[in-house]
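All values below come from the heavy atoms of this structure, side chains included, with hydrogens, waters and symmetry mates left out. As the structure is a computational prediction, the values presented were derived from the model and not from experiment. The first residue of the sequence shown is numbered 1, and numbering continues consecutively from there.
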Amino acid sequence: MAESHQRSYLRDSSGPRPVDTSSSRDKARSSKRPKDNDDKSSQRPKRDSNRRSPRKDSHRQKHSSTQSTEPYSERPYFELDVIGQPPVGIALGIPVETSVMISLRLPSADRSITASSIDTSRLFAVASLVADNRTGGEHVPLEAGIMTGQQMFDSVHPIPDECAERLANNEPCRLVLGYFSFPQMLIRQSGAYRIRTTLIKMSTSGEGGGSSVLAIDSEPIKVERRSIATPRRHQRVCS
């Protein structure tokens, strides 16, 4: 069947004239469709922007967490360095000794800061013995009676000015404060050991307590029951 068209008449000054209602409907529909497409296209950027926004927020959170750790890396901190290594091997009953240098690592070179301006009166070091684990594991502390000596606890001794100046030129960000010395220590059992030097900072409360700051171990020492040569490692104070 042929599609029927409805006609209506419009009156104006020139008289009545027919109007095709179906064509006017088609025009109305076609005029509405682009508008719908425009509405959809206008909504797409909004959805895309909402999807991208979490990435921007996550980037900001990472950046803020990085900034929170920066002040800690800018603070000075203590360092220990063994400048007098004990012998590689000794006979049982032969005393050993070691010395350790203490320095302050600065965030940047500052020649206005000197060792005399740093208060080291509350800094002490204690020497102890640990078992040498050649497999690379943790060095286990041993009981105090295995190693004895007249001086197992020491305060900071000043380093000669010429040595301090030379070290400052080699490492401008490292301020040498002094050294600790532990002479005439006796290891009373054979075995493989290391001498551990622990830095202790005494509290300011006046109660006599203190806290451990850091520690460093010497090179291995082999103690044997037979008489052997005792080669000494090179001591590097001003190297």
Side-chain angles (χ1 to χ4, degrees), residues 68-88 95-130 132-133 136 138-141 144 147 149-185 193-206 208-221 231-239:
S68 62
T69 58
E70 288 179 356
Y72 294 96
S73 61
E74 295 177 356
R75 296 178 181 177
Y77 57 91
F78 293 107
E79 288 183 344
L80 296 177
D81 187 20
V82 181
I83 58 176
Q85 293 284 356
V88 179
V96 296
E97 63 181 33
T98 185
S99 54
V100 176
M101 183 175 67
I102 177 174
S103 57
L104 187 66
R105 178 68 64 175
L106 304 174
S108 60
D110 189 355
R111 286 301 185 95
S112 63
I113 303 176
T114 60
S116 59
S117 63
I118 304 298
D119 182 18
T120 59
S121 60
R122 295 188 294 116
L123 297 177
F124 297 89
V126 59
S128 59
L129 197 66
V130 296
D132 179 41
N133 191 345
E138 184 179 359
H139 300 154
V140 181
M147 184 178 69
Q150 297 180 354
Q151 184 173 308
M152 307 290 291
F153 199 81
D154 197 18
S155 57
V156 181
H157 302 284
I159 282 182
D161 294 339
E162 59 273 14
C163 292
E165 185 68 22
R166 190 178 306 172
L167 292 169
N169 293 330
N170 294 336
E171 295 185 74
C173 294
R174 187 179 186 182
L175 179 62
V176 178
L177 302 179
Y179 70 98
F180 305 101
S181 180
F182 304 98
Q184 299 296 313
M185 295 184 296
Y193 307 100
R194 292 174 187 259
I195 298 177
R196 173 169 294 177
T197 303
T198 304
L199 178 64
I200 297 175
K201 187 174 183 179
M202 306 301 293
S203 63
T204 58
S205 60
S211 59
S212 174
V213 180
L214 75 159
I216 188 171
D217 294 343
S218 70
E219 293 295 327
I221 312 167
R232 303 183 68 86
R233 294 186 176 93
H234 177 64
Q235 294 188 2
R236 49 186 185 90
V237 179
C238 298
S239 58

Under the side chain to side chain contact (heavy atoms under 4.5 Å, CB included) criterion, do Met152 and Met185 qualify, and how do the steps go? CA-CA 8 Å; Met152 307 290 291; Met185 295 184 296; 3.9 Å; yes
Is there a side chain to side chain contact (heavy atoms under 4.5 Å, CB included) between Leu214 and Phe78? Walk through the geometry before answering. CA-CA 8 Å; Leu214 75 159; Phe78 293 107; 4.1 Å; yes
Please test Ile195 against Asp217 for side chain to side chain contact (heavy atoms under 4.5 Å, CB included), starting from the C-alpha separation and ending with a verdict. CA-CA 6 Å; Ile195 298 177; Asp217 294 343; over 6 Å; no
Before you tell me yes or no, could you show the steps for Leu123 and Ile200 under side chain to side chain contact (heavy atoms under 4.5 Å, CB included), namely the whole-Å CA-CA distance, both residues' side-chain angles and the distance that decides it to 0.1 Å? CA-CA 6 Å; Leu123 297 177; Ile200 297 175; over 6 Å; no
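The two residues Gly84 and Thr98 come nearest to each other via the heavy atoms O-OG1, 2.8 Å. Tyr179 and Pro158 make their closest contact through CE2-O, 3.5 Å (heavy atoms, listed as atom of the first residue, atom of the second, distance). Closest approach of Val156 to Gly178, counting heavy atoms only: CG1-CA, 3.8 Å. In plain terms, the two heavy atoms of Arg196 and Pro141 that are nearest each other are NH1-CG, 4.1 Å. Between Arg194 and Ser218, the shortest heavy-atom distance links the atoms NH1-O, 2.9 Å. Residues Thr197 and Ala125 come closest through the heavy atom pair CG2-CB, 3.9 Å.
To the nearest 0.5 Å, atoms CZ (Phe180) and CD1 (Ile102) are separated by 4.5 Å. Considering NE2 of His157 and CG of Leu177, their distance stands at 14.0 Å, rounded to 0.5 Å. Separating the OG atom in Ser128 from the OH atom in Tyr193 is a distance of 13.5 Å, to the nearest 0.5 Å. Within the model, atoms CG of Asp119 and OG of Ser116 stand 11.5 Å from one another, a figure rounded to the nearest 0.5 Å. Rounding to the nearest 0.5 Å gives a distance of 7.0 Å between CD of Gln150 and CD of Gln184. Considering CE of Met101 and CG of Leu167, their distance stands at 5.5 Å, rounded to 0.5 Å.
Contact of the Pro76 side chain with the Pro107 side chain is registered, since non-hydrogen atoms from C-beta on lie closer than 4.5 Å. Side-chain contact check for Gln151 versus Pro183: some heavy-atom pair is nearer than 4.5 Å. Within the 4.5 Å cutoff, side-chain heavy atoms of Ile113 are placed close to those of Leu175. A 4.5 Å side-chain heavy-atom check between Arg122 and Thr204 finds at least one atom pair inside the cut-off. Between Pro86 and Ile221 the shortest side-chain heavy-atom distance falls below 4.5 Å.
In this structure, Phe153 and Phe124 have parallel ring planes: the angle between them is below the 30° cut-off, well short of the 60° mark.
In this view, Asn169 and Arg111 satisfy the side chain to side chain donor-acceptor pair (under 3.5 Å) rule, not counting sequence neighbours.
A donor-acceptor contact shorter than 3.5 Å links the side chain of Asp154 to the backbone of Ser181. A donor-acceptor pair is defined here as one N or O able to donate and one able to accept, closer than 3.5 Å; such a pair exists between the side chain of Asn170 and the backbone of Arg166.
Sorted by first and then second residue, the salt bridge (Lys or Arg N to Asp or Glu O under 4.0 Å) pairs involving residues 172-182 (not counting sequence neighbours) are Glu79-Arg174, Glu171-Arg174.
Here the rule is side-chain contact (heavy atoms from CB on, under 4.5 Å) with Ser99, and of Ile83, Val82, Asp81 only Ile83 fits it.
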